[in-house]
Number of protein chains: 4
Amino acid sequence: KSASKLLIKGGTVVNAHHQEIADVYVEDGIIVAVKPNIKVGDDVTVLDATGKFVMPGGIDPHTHLAMEFMGTETIDDFFSGQAAALAGGTTMHIDFVIPVKGSLSKGFEAYKEKAKKSCMDYGFHMAITKWDENVSREMEIMVKEKGINSFKFFMAYKGALMINDELLLEGLKKCKSLGALAMVHAENGDAVFEGQKRMIELGITGPEGHALSRPPVLEGEATARAIRLASFVNTPLYVVHVMSIDAMEEIAKARKSGQRVIGEPVVSGLVLDDSGLWDPDFINAAKYVMSPPIRALGHDKALQAALSTGNLQLVGTDHCAFNSTQKAFGIDDFRKIPNGVNGIEERMHLVWDTMVESGQISVTDYVRITSTECARIFNMYPRKGAILAGSDADIIILNPNSSFQITARSHHSRSDTNVYEGRKGKGKVEVTIAGGKIVWENDELKAVPGSGKYIEMQPFSYLFNGIDKADAKYLSSLQAPVQRSKAAS
Amino acid sequence: KSASKLLIKGGTVVNAHHQEIADVYVEDGIIVAVKPNIKVGDDVTVLDATGKFVMPGGIDPHTHLAMEFMGTETIDDFFSGQAAALAGGTTMHIDFVIPVKGSLSKGFEAYKEKAKKSCMDYGFHMAITKWDENVSREMEIMVKEKGINSFKFFMAYKGALMINDELLLEGLKKCKSLGALAMVHAENGDAVFEGQKRMIELGITGPEGHALSRPPVLEGEATARAIRLASFVNTPLYVVHVMSIDAMEEIAKARKSGQRVIGEPVVSGLVLDDSGLWDPDFINAAKYVMSPPIRALGHDKALQAALSTGNLQLVGTDHCAFNSTQKAFGIDDFRKIPNGVNGIEERMHLVWDTMVESGQISVTDYVRITSTECARIFNMYPRKGAILAGSDADIIILNPNSSFQITARSHHSRSDTNVYEGRKGKGKVEVTIAGGKIVWENDELKAVPGSGKYIEMQPFSYLFNGIDKADAKYLSSLQAPVQRSKAAS
Amino acid sequence: KSASKLLIKGGTVVNAHHQEIADVYVEDGIIVAVKPNIKVGDDVTVLDATGKFVMPGGIDPHTHLAMEFMGTETIDDFFSGQAAALAGGTTMHIDFVIPVKGSLSKGFEAYKEKAKKSCMDYGFHMAITKWDENVSREMEIMVKEKGINSFKFFMAYKGALMINDELLLEGLKKCKSLGALAMVHAENGDAVFEGQKRMIELGITGPEGHALSRPPVLEGEATARAIRLASFVNTPLYVVHVMSIDAMEEIAKARKSGQRVIGEPVVSGLVLDDSGLWDPDFINAAKYVMSPPIRALGHDKALQAALSTGNLQLVGTDHCAFNSTQKAFGIDDFRKIPNGVNGIEERMHLVWDTMVESGQISVTDYVRITSTECARIFNMYPRKGAILAGSDADIIILNPNSSFQITARSHHSRSDTNVYEGRKGKGKVEVTIAGGKIVWENDELKAVPGSGKYIEMQPFSYLFNGIDKADAKYLSSLQAPVQRSKAAS
Amino acid sequence: KSASKLLIKGGTVVNAHHQEIADVYVEDGIIVAVKPNIKVGDDVTVLDATGKFVMPGGIDPHTHLAMEFMGTETIDDFFSGQAAALAGGTTMHIDFVIPVKGSLSKGFEAYKEKAKKSCMDYGFHMAITKWDENVSREMEIMVKEKGINSFKFFMAYKGALMINDELLLEGLKKCKSLGALAMVHAENGDAVFEGQKRMIELGITGPEGHALSRPPVLEGEATARAIRLASFVNTPLYVVHVMSIDAMEEIAKARKSGQRVIGEPVVSGLVLDDSGLWDPDFINAAKYVMSPPIRALGHDKALQAALSTGNLQLVGTDHCAFNSTQKAFGIDDFRKIPNGVNGIEERMHLVWDTMVESGQISVTDYVRITSTECARIFNMYPRKGAILAGSDADIIILNPNSSFQITARSHHSRSDTNVYEGRKGKGKVEVTIAGGKIVWENDELKAVPGSGKYIEMQPFSYLFNGIDKADAKYLSSLQAPVQRSKAAS
Ligand SMILES: [Zn+2]
Ligand SMILES: [Zn+2]
Ligand SMILES: [Zn+2]
Ligand SMILES: [Zn+2]
Ligand SMILES: [Zn+2]
Ligand SMILES: [Zn+2]
Ligand SMILES: [Zn+2]
Ligand SMILES: [Zn+2]
């Protein structure tokens with residue numbers, strides 16, 4: 001049989017805009033046809049999807065593979081992380097390039113190097129961690145020559161990645177001019193720093209101190225600030241890892257008044273609560289440490305609700321895995337626990353179970369929040385995020401009657417723990433096809449290093465539509481400058 | 001040339017989920033292909049759409065043609081109203097059947113009769129104006145045998161159409177069991193009645209008294225009530241003609257908490273304000289009378305903003321036209337002015353100019369709010385609301401560089417006034433194709449009475465997706481009944 | 001020593017507007033002087049209040065003594081209930097007169113009779129349970145001749161006390177014209193009825209079914225509705241027993257926009273949660289049954305917060321006690337469990353412990369929410385609610401360093417259970433003085449039947465201040481009626 | 001007659017907590033008695049107040065007299081400004097000391113010097129414009145030795161007064177430890193700077209550019225930020241000059257959740273709108289320039305509404321007057337127009353007319369928002385802000401049937417313009433008594449330089465009540481640190 005020809009028969013093909021029973025025919029990594037009763041020759045590999053959902057592979061908008069952070073490096077690199085992704089039904093991710101010594105270009109080159117071992121497609125956001133003329137110039141190069149259309153600003157991590165409002169404003173203006181999407185990590189870094197000192201002074205050095213030092217009010221504050229500055233500049237904003245009701249409500253309020261703000265909850269925020277941080281076993285507790293923190297019970301349900309009706313738009317993971325040894329760096333001081341949880345393998349299952357199985361969203365919504373909306377925001381649709389003729393053949397087959405169970409013993413991340421350890425649910429990704437190849441089937445992974453491609457993303461996504469007209473309309477509404485004679489009054 | 005074969009060449013084909021430059025080929029009323037460079041024979045009529053947008057024809061979810069109301073009948077019947085629609089780029093509408101002497105079946109038959117002269121496709125909602133076992137039984141017949149999947153309840157029009165909360169609850173439950181969408185006209189009818197008396201007592205008998213007698217707070221009240229009762233029953237709700245910030249905010253709040261509420265602003269509420277009601281010329285003032293009333297400046301912009309980000313979902317017209325003679329019934333008492341404004345012809349143009357030309361939404365959003373979302377909500381997608389192979393060939397070609405001007409002198413409604421008189425803007429529907437036929441081209445209308453079809457709409461639209469699972473999950477969460485021994489304590 | 005002359009020495013005298021260290025001298029039931037170092041003769045009884053707070057006796061705005069309800073009568077009558085009140089530092093209450101066979105006058109007479117055994121001062125609200133000309137006329141008599149200045153309307157208890165919006169509007173208008181305060185029990189009675197049926201059908205017949213049948217959304221709905229109707233009439237509104245975040249937020253929103261709405265949380269809503277209703281012991285569970293229900297954890301803290309900043313204004317109890325035998329009427333059906341909890345004795349202690357000891361409010365605030373604001377709203381200030389020369393000598397001495405403990409074994413209500421059983425806290429009312437007499441001291445009660453007076457309350461409290469001016473301003477803002485010539489246009 | 005003995009007869013004496021008809025007797029600058037029918041000797045000056053309101057003199061919490069700012073000095077010094085105040089019924093103000101070369105002590109001495117010519121009582125806030133150990137130490141001296149209990153932080157005026165979040169956090173902590181109230185000027189200074197550049201680039205150099213460069217969203221942002229940082233530190237916050245709905249709503253939201261936030265609208269924000277800034281006459285336009293700017297129509301009414309129900313608490317002026325010559329510094333660039341409007345003389349009249357005459361508040365509320373609440377917040381009550389025996393004799397007599405008219409031709413400020421020029425209304429301050437002396441009567445002013453006293457204000461006002469208990473409760477709620485064995489897991 002030809003490895004490059006596939007027919008998926010009889011499944012319910014689901015796009016964000018529609019679902020129907022149809023066959024999907026793939027050749028050379030591209031979807032060629034989507035319609036009922038496709039006839040093919042004997043050389044074609046046929047997969048029976050009867051009673052199952054055939055959907056675009058997941059796209060994870062927020063990952064950190066092979067990232068140097070807090071004195072160590074994430075345990076998953078571009079191969080192991082992507083392998084885990086594929087086993088979980090995710091066929092593309094967008095990772096954050098960290099500049100090298102302030103240079104965006106060097107950062108980009110370094111990440112291209114790291115990504116050589118990729119076994120699935122990937123794209124890049126770029127983190128902006130300082131501001132000068134050079135950064136501004138390099139942003140332009142990244143957008144015009146390197147296929148990057150989004151930049152992330154950190155309002156936290158004081159003394160390291162954090163930038164102040166003046167630079168954020170510069171960044172927002174530059175992003176607008178380039179048609180690039182500004183993203184923010186929204187926590188008030190000054191106050192977090194203060195909160196950390198306070199906890200240490202109180203003798204609260206364990207993982208619970210991490211959450212206590214940066215409560216939801218600080219996430220709400222920074223989210224409100226970023227939204228209002230973006231409104232002032234009139235450019236779209238993407239808030240990464242929305243973890244709290246406080247942040248979500250700011251996004252909902254802005255959207256109600258017509259502002260283009262995208263809110264990305266992450267799986268851990270949707271399905272976990274902070275109780276794990278109080279676990280008397282340090283390692284168990286430390287694995288829940290991420291920023292912004294996983295919140296108290298109640299935030300999870302509220303984020304799910306907002307997601308179900310489009311007040312939040314897509315789901316990421318912030319996959320940033322460290323193993324026990326690394327987490328143990330902070331045994332005496334939570335500030336030294338490397339921040340991050342896993343999720344790249346678990347996202348598709350947990351979102352299905354939490355959102356679809358609970359009746360909160362439809363299967364088309366599921367495709368939208370796990371894949372299509374990400375592709376649209378980052379301007380790759382319909383190449384990615386769709387099961388349409390001409391789209392890349394990144395496809396999953398999910399069996400709603402099968403079930404999944406999560407454990408570090410069998411997951412594909414290199415981490416020796418899993419923040420979702422023991423979790424079970426309904427719905428299982430039985431087949432993953434990436435770039436037209438079956439890479440996951442019968443619980444067996446066939447990931448090939450180097451088979452993943454870098455996906456260039458063009459600026460001026462749909463979020464920029466009409467911004468120029470709105471600006472012009474605003475200016476014409478000012479009734480200014482007023483004509484005044486300078487003669488004495 | 002064959003009248004049944006059409007090729008639209010070179011336009012930007014816009015669906016709610018995607019836009020691309022492509023050709024559209026139509027045969028026998030159905031879209032056969034959508035792709036670049038379609039080759040056809042000489043018998044095919046070719047339309048050049050280069051530089052223009054090729055979009056699904058508008059679907060107006062809210063019209064009243066040939067309706068008997070307030071002692072008269074709307075001036076537009078199923079032919080004149082639909083002709084106006086076609087001239088304005090709308091190719092389908094959903095009208096409200098009014099029961100006859102309490103009988104839904106008789107109402108349905110009467111409207112089928114009225115609709116025989118139709119020149120475009122149409123569907124029906126059914127108004128529920130009282131409640132008994134018979135109504136309940138007939139609702140089931142309407143859904144299962146007659147192609148109706150939505151029922152409207154009036155919280156206003158005391159003494160006439162209004163129902164109380166007890167009946168509304170019964171109606172919501174019945175709708176839920178049938179998979180039919182409950183719609184509400186949301187104003188507190190008791191308070192409106194009181195407000196009308198108050199105005200008359202104050203000697204305010206003119207059209208301005210209409211708005212003053214039913215302020216936004218009464219719309220907000222009823223909207224909040226209907227939403228909460230629908231939440232209590234856990235069934236989707238559709239709020240027709242959202243005219244005020246008060247109502248919109250209730251919808252946004254409910255959606256934020258995960259409730260399935262659809263808000264339908266109408267064109268008049270989006271682009272007009274109430275100042276016309278104070279016009280010293282009675283006829284000019286009276287033409288603005290509709291319920292809920294057109295509101296003070298500020299509500300319009302707020303509704304536009306909410307619409308732009310999906311807090312409101314689709315745009316209707318509540319087209320319910322009366323001519324000057326009819327409006328004059330209320331010369332001495334605003335309560336006798338037939339309620340209603342025109343809009344079926346103007347909707348597509350005004351929404352384009354107000355929302356797209358101002359930069360508030362993209363062209364794909366435009367398709368969504370004028371056509372696709374309506375088709376999805378009433379379960380006709382993708383037959384309606386899409387330019388896809390297999391869809392009905394209801395298509396418009398809009399030239400963004402052309403412009404429109406509205407006046408009663410040239411409009412196609414039979415009314416002798418137009419509530420948008422004198423309004424100009426950019427963007428013009430140059431061609432309308434309904435059922436595969438060109439019916440509007442070069443400002444010339446070719447509407448054929450009897451050519452329109454009744455579109456049956458199936459229950460259990462996407463809004464019902466997962467409702468059963470959510471109900472089951474709710475029940476299992478109750479931890480009830482508690483097991484108690486009845487022995488003395 | 002003269003029983004009619006008292007000197008309270010050295011305490012911190014607290015009024016809502018100020019606290020200071022001073023002596024308080026009382027003669028013949030009236031406060032004669034409040035200043036430092038008052039010298040008196042030997043015949044005067046002297047109480048040492050050094051280190052303690054001398055405050056106005058509590059006023060409970062919401063009680064039901066000797067009320068016939070749900071086929072039985074509350075276990076506490078005007079003597080036992082008031083005795084309990086005095087032991088807990090409350091020296092006045094306002095009870096709800098229930099009309100007799102629709103007659104307000106007969107209801108009033110009946111309650112005057114019941115109240116003959118009173119051992120402390122009391123006033124009356126009047127419940128309005130139906131509407132006709134007679135009721136309207138009698139309301140006027142109650143206000144002008146009987147000392148009643150508030151009327152309560154029930155939006156729940158369908159088939160019994162409930163009135164619809166039409167009557168509520170009539171009631172609001174009548175109240176406004178009389179300068180009387182409209183009060184509402186805010187739950188959607190139609191939906192509650194539906195919810196009760198639903199629970200019984202599900203086999204949930206126990207006390208937990210009570211809460212499940214009437215969730216917060218129904219309280220929020222009715223609160224929103226009453227507020228908006230009161231806004232429409234422009235008359236003040238008093239929402240009794242605010243039990244949920246949903247209701248509180250409606251009140252806060254209305255107040256933010258300038259509307260005069262008073263929200264009365266009750267002690268049970270402030271300090272309890274609904275978990276008790278799930279107690280496997282029926283009697284333990286049944287004692288928590290009241291309407292609106294005690295809510296899930298979280299509502300309590302939110303109500304406390306709103307109370308602390310004046311978004312809610314005063315605290316009542318809805319004391320409506322039944323003993324175990326009576327509660328057992330509903331052993332097979334929660335709808336037959338007499339609704340009501342105790343609280344008249346516990347209110348002052350629990351509010352102190354929950355609000356003052358937690359640091360949420362100051363002692364002056366405590367006086368305001370337990371006494372002064374009630375006196376102001378019902379127009380008895382400064383006769384009641386103040387420690388000022390000329391005020392009635394209703395005084396308590398609270399020791400902040402002492403502590404209290406609540407149990408049915410020692411409480412003064414006749415009930416054999418206590419919904420706060422086992423609760424402990426800081427702050428104890430050591431002395432209660434009512435009408436200038438020491439009635440509670442050294443844990444000993446000296447209540448004298450017949451010593452309590454009926455307090456007539458005048459209409460047009462401060463809440464009505466400026467209403468006429470606002471109405472006039474509204475009218476002059478309408479720019480209506482518009483002058484129109486009737487000549488043809 | 002003795003100048004030091006006064007009897008005010010027959011007026012309605014109004015305190016924030018109560019009003020009654022009574023006489024007021026004053027000796028040597030102190031109120032000696034408040035009761036009906038006071039008999040006095042012939043040497044006492046008697047004022048007849050029959051039919052009039054006798055109220056505490058106004059206290060203006062926010063003024064700038066003799067302040068050096070933007071290269072010039074305010075036109076009103078401590079004599080002319082206070083003279084104007086007295087003529088308008090204000091008998092005390094609190095001015096902002098600006099540090100001299102970073103030194104709080106030097107600033108304090110400078111202001112003591114400026115204030116020597118005072119003709120009425122005054123107090124000081126202290127502005128904090130940078131942060132170091134010295135400032136921290138001096139804050140302590142100011143509080144413990146100099147009678148200052150409030151410190152103001154500027155979130156705007158980039159490059160001059162503005163501080164960042166790190167310093168604001170330090171300031172909040174220091175304030176909390178001292179029991180001093182933190183005040184903020186809340187606008188995002190970085191964004192304002194950006195907005196100013198933008199306007200200049202657009203060629204909008206006139207006064208309208210001032211408002212356009214710093215829209216409400218920037219005030220809302222900074223208000224939200226300050227509130228959340230204060231919540232994080234758990235210390236009270238006072239937001240000066242609340243000018244917009246955006247800021248007001250943040251305050252209301254925080255208060256609803258129990259946070260102690262005080263919002264001070266100023267008269268210009270309550271009664272003006274921004275249209276004046278578009279006046280084609282530069283001087284007319286420039287006189288409206290203040291920061292935050294006077295907002296568009298609609299903000300005024302919303303602020304009034306919030307004030308009427310206690311969501312905002314007291315009214316200031318931000319009196320900071322410049323004459324035409326000074327305003328003309330910015331003829332070519334709005335950034336050089338000295339910021340500030342008058343108001344110290346007009347406040348009492350305009351608040352009466354706008355709030356009481358419109359029916360929005362009662363006379364007792366009027367006393368509360370113009371005098372008493374200010375005295376309570378800054379810990380001078382009941383010495384100031386009350387007509388009680390023992391209080392300072394700062395008293396006004398207001399005739400509700402008389403009327404006022406404002407014009408620069410007759411006002412007492414030294415400015416040659418008045419931002420309220422031409423405004424008329426009902427209610428006139430006919431007599432002002434300051435320190436027991438009649439200083440304003442029959443439209444004649446008898447202000448004596450040097451007669452005003454510096455009022456020391458003690459820390460730990462009522463706003464700090466319970467903060468320690470709440471902190472302790474918070475700590476005990478953390479369940480941290482968790483006890484963990486360090487043994488391997
Ligand atoms: Zn981050
Ligand atoms: Zn991240
Ligand atoms: Zn309607
Ligand atoms: Zn309609
Ligand atoms: Zn009740
Ligand atoms: Zn009650
Ligand atoms: Zn300022
Ligand atoms: Zn100032």
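In this text the structure is predicted, and so the values were computed from the model without any measurement. The chains referred to below are lettered A, B, ... by the order of the sequence lines, with proteins before strands, and numbering in each begins at 1. Excluded from the calculations below are hydrogen atoms, water molecules and symmetry mates; all remaining heavy atoms, backbone and side chain alike, are included.
Across all non-hydrogen atoms, the minimal contact from A:L212 to D:Y474 is O-OH, 4.3 Å. For the pair A:L229 and D:A191, the tightest heavy-atom approach, listed with the atom from each and the gap, is CD2-CB, 3.8 Å. Minimum interatomic distance between A:L169 and D:E194 (heavy atoms only, all atoms of both residues): CD1-CB, 4.4 Å. Considering all non-hydrogen atoms of both residues, A:E208 and D:A480 come closest at CG-CB, 3.7 Å. Heavy atoms only, all atoms of each residue included: D:V233 and A:R198 are closest at CA-NH2, 4.0 Å. When all heavy atoms are compared, the tightest approach of D:V217 to A:S231 is CG2-OG, 4.3 Å.
For chain D, the nearby part of A:S213 is the backbone; its heavy atoms alone come within less than 4.5 Å. Residue contact with chain A, scored on non-hydrogen atoms closer than 4.5 Å, involves the backbone of D:Q483 exclusively. Contact of A:L218 with chain D is made through the side chain alone, with heavy-atom distances under 4.5 Å. When heavy atoms are compared at a cutoff of 4.5 Å, A:L168 does not approach chain D at all. Of the atoms belonging to D:L475, it is side-chain heavy atoms, and not backbone ones, that fall under 4.5 Å from chain A. When heavy atoms are compared at a cutoff of 4.5 Å, A:Q479 approaches chain D by way of both its backbone and its side chain. Residue D:N164: no heavy atom, backbone or side chain, is found under 4.5 Å from chain A. Heavy atoms closer than 4.5 Å to chain D are found nowhere in A:E249, neither backbone nor side chain.
When each of A:E221, A:E250, A:E219 is checked for a salt bridge (charged side-chain N to carboxylate O under 4.0 Å, His left out) with D:R228, only A:E250 meets the rule.
Summarising the local packing, CZ of D:F193 is surrounded by 12 or fewer heavy atoms from other residues, nucleotides or ligands at distances under 6.0 Å. The number of heavy atoms from other shown groups lying within 6.0 Å of NZ (D:K336) does not exceed 12.
Here D:D279 is the residue among D:D279, D:T205, D:I227, D:L277 with the most heavy-atom pairs under 4.5 Å with chain A. Ranked by heavy-atom pairs shorter than 4.5 Å toward chain D, the options A:M199, A:E166, A:E170, A:K173 are led by A:E166.
Rounding to the nearest 0.5 Å places CG of A:D165 at 7.0 Å from CG of D:D165. Summarising the geometry, atom CZ belonging to D:R484 is positioned 8.5 Å from atom CD1 belonging to A:I331; distances are rounded to the nearest 0.5 Å.
Applying the ring-ring contact (aromatic ring centres under 6.0 Å, His included) rule to D:Y238 yields the partners D:F378; only residues at least two apart in sequence or on another chain are considered.
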